[in-house]
*Asks:* 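Here you go, one structure.
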Amino acid sequence: MSVVPLAPKSGEAAGPSNGQAPMGTLELRVAVRGQRSVATHQYHEGALRVLRPHYLDDSGQVCFVVVNPGGAYLGADLFLLDVEVGEGADLLLTTQSATKIYRTPGSFAEQRMTLRLGEGARLELMPDQLIAYREASYRQNTHIILRPSSSLVMAEVITPGWSPDGASFRYEELRLRNEIVVETGDGGHLLALDNLLIRPPAGDVTGLGFMEGFSHLGSLVVVDARVDQALADELHALTKHNNAHTGVSLTRTVAGTTGLVLRSLSNSTEELNRLLGACTTLLRKRWHGQAPLNLRKY
C-alpha cells in the first residue's frame with residue numbers, strides 16, 4: 001500500500017521559531033484494514049487528544065473526534081495537527097465542541113494543520129464553529145497535500161463571541177489560510193491559496209464588500225475530480241432556500257481535479273450549519289451513498 005510521504009518537520013510545521021513548546025500536538029494516520037479504515041498511528045502531547053474511533057454506518061469510514069481538554073485557545077498558544085489518510089482510506093474528523101479564542105494579550109493564538117491524502121483517499125473535516133471573543137487574535141494555517149484521485153470536503157463556521165456591551169466584532173484579528181497542493185508524478189502543483197483576514201479595529205468590516213451587514217461566516221471547500229460548474233450551480237441553488245448570502249467559485253483544474261469554495265454570510269450559527277449540512281448531505285448521498293451526518297455531541 002502506498003501513501004503520500006510525510007513532509008519534513010521543518011519551517012512553520014516544526015513549531016515556533018523561539019523554541020517555545022506547543023500547547024498541544026496531535027498526529028493521526030489512517031489506512032485501510034480489511035473492509036474498514038483504521039488508525040495505524042496516533043500520537044498526542046499536551047492539550048490535544050482524539051477520542052476512540054467509531055463508525056457511523058457500514059461504509060467503513062472511520063470517525064475521530066478531536067478534544068482540547070483546556071477548553072480554549074489563549075495568547076501565545078500554538079497547536080500542531082498532522083493528519084494523513086492513506087491510499088483508499090476514509091476519514092471523518094470533527095471536534096468535540098466549539099474552538100474558543102479568548103483574549104490574547106501580547107501575542108496571537110495559532111493552529112497549524114497539515115493534511116495529506118493518498119490515492120483514492122477521502123477526508124471530511126467537519127469541526128464545530130470557531131468563536132472569537134473580545135480582544136482575541138488568532139491565526140490558522142492549513143496545508144493540504146492530495147492526489148488527483150483524492151476527495152476532500154472541509155466545512156467551517158466563524159462566529160463572534162459574547163462581549164460585555166453586546167456588540168459583535170470585538171476581536172482583534174482572525175487570519176485563516178488554506179494552501180491546497182495536488183501531488184502528481186512531476187511534483188506538487190498549487191491548486192488554491194485561500195486567505196481570509198478579518199481585522200475589525202482596522203475599519204468597519206460590517207459594510208458592503210465585506211460582511212454585508214452579517215456577523216457569521218460559513219465556508220465549504222471541496223476538492224474532487226467530480227467537481228465542475230454544474231455542481232457549483234447546484235450547490236448555489238441549494239443555498240437559496242436558506243436565510244444567508246452565499247457565493248460559490250471554482251479553482252483551476254490540476255491533473256483532472258478541481259476545487260470549489262463556497263462562502264456564506266448569516267447572523268446565525270444554526271443557519272450556517274443547516275446550509276453547509278445541506279451541501280454536504282448532497283455530496284455524501286451522490287458520491288458515496290451515505291446518509292446525512294448526525295454529529296450531535298450533547
*Asks:* Test: salt bridge (charged side-chain N to carboxylate O under 4.0 Å, His left out). Region: residues 250-264. Which pairs qualify, not counting sequence neighbours?
*Replies:*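 Sorted pair list: Asp194-Arg263.
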
*Asks:* How would you list all residue pairs meeting ring-ring contact (aromatic ring centres under 6.0 Å, His included) that involve residues 91-122, not counting sequence neighbours?
*Replies:*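 Qualifying pairs, neighbours excluded: Tyr102-Tyr133.
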
*Asks:* With sequence neighbours excluded, what pairs up with Tyr171 under the side-chain hydrogen bond (donor to acceptor under 3.5 Å, both in side chains) test?
*Replies:*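 For Tyr171, no residue satisfies side-chain hydrogen bond (donor to acceptor under 3.5 Å, both in side chains) once neighbours in sequence are set aside.
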
*Asks:* Show every ring-ring contact (aromatic ring centres under 6.0 Å, His included) that has at least one partner inside residues 109-130, sequence neighbours left out.
*Replies:*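 Sorted pair list comes back empty.
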
*Asks:* Sequence neighbours left out, what pairs pass ring-ring contact (aromatic ring centres under 6.0 Å, His included) with at least one residue falling in residues 214-233?
*Replies:*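 Those involving residues 214-233 do not exist here.
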
*Asks:* Return the set of residues passing side-chain hydrogen bond (donor to acceptor under 3.5 Å, both in side chains) with Ser37 (not counting sequence neighbours), or none when no residue passes.
*Replies:*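 Scan of Ser37 (side-chain hydrogen bond (donor to acceptor under 3.5 Å, both in side chains), adjacent residues dropped) gives none.
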
*Asks:* List in chain and number order the residues that pass side chain to side chain contact (heavy atoms under 4.5 Å, CB included) with Ser268, two or more places apart in sequence or in another chain; answer none if no residue qualifies.
*Replies:*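 Testing Ser268 for side chain to side chain contact (heavy atoms under 4.5 Å, CB included), a comparison that skips the adjacent residues, returns Ser266, Glu270, Glu271.
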
*Asks:* With sequence neighbours excluded, what pairs up with His41 under the side-chain hydrogen bond (donor to acceptor under 3.5 Å, both in side chains) test?
*Replies:*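 Residues passing side-chain hydrogen bond (donor to acceptor under 3.5 Å, both in side chains) with His41: Glu27.
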
*Asks:* Give every donor-acceptor pair under 3.5 Å between a side-chain atom in residues 59-66 and any protein atom, sequence neighbours left out.
*Replies:*
{"residue": "Ser59", "atom": "OG", "partner": "Asp57", "partner atom": "OD1", "Å": "2.6"}
{"residue": "Ser59", "atom": "OG", "partner": "Gln61", "partner atom": "N", "Å": "3.2"}
{"residue": "Ser59", "atom": "OG", "partner": "Gln290", "partner atom": "NE2", "Å": "3.1"}
{"residue": "Gln61", "atom": "OE1", "partner": "Gln290", "partner atom": "NE2", "Å": "3.4"}
{"residue": "Gln61", "atom": "NE2", "partner": "Asp90", "partner atom": "OD1", "Å": "3.0"}
{"residue": "Gln61", "atom": "NE2", "partner": "Glu124", "partner atom": "OE1", "Å": "2.8"}

*Asks:* Could you note down all residue pairs passing ring-ring contact (aromatic ring centres under 6.0 Å, His included) where residues 264-290 supplies at least one of them, sequence neighbours left out?
*Replies:*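 Applying ring-ring contact (aromatic ring centres under 6.0 Å, His included) to every pair that reaches into residues 264-290, excluding sequence neighbours, yields nothing.
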
*Asks:* Go through the structure and list residues passing side-chain hydrogen bond (donor to acceptor under 3.5 Å, both in side chains) with Thr253, not counting sequence neighbours.
*Replies:*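 Here the qualifying residues are Thr258.
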
*Asks:* Applying salt bridge (charged side-chain N to carboxylate O under 4.0 Å, His left out) as the test, list every pair that has at least one member in residues 215-236; sequence neighbours left out.
*Replies:*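 Salt bridge (charged side-chain N to carboxylate O under 4.0 Å, His left out) check on residues 215-236 returns Asp224-Arg226, Glu234-Arg286.
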
*Asks:* Hydrogens and angles aside, do Ser149 and Glu119 bring a side-chain donor and acceptor to less than 3.5 Å of each other?
*Replies:*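 Glu119 and Ser149 do have a side-chain donor-acceptor pair below 3.5 Å.
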
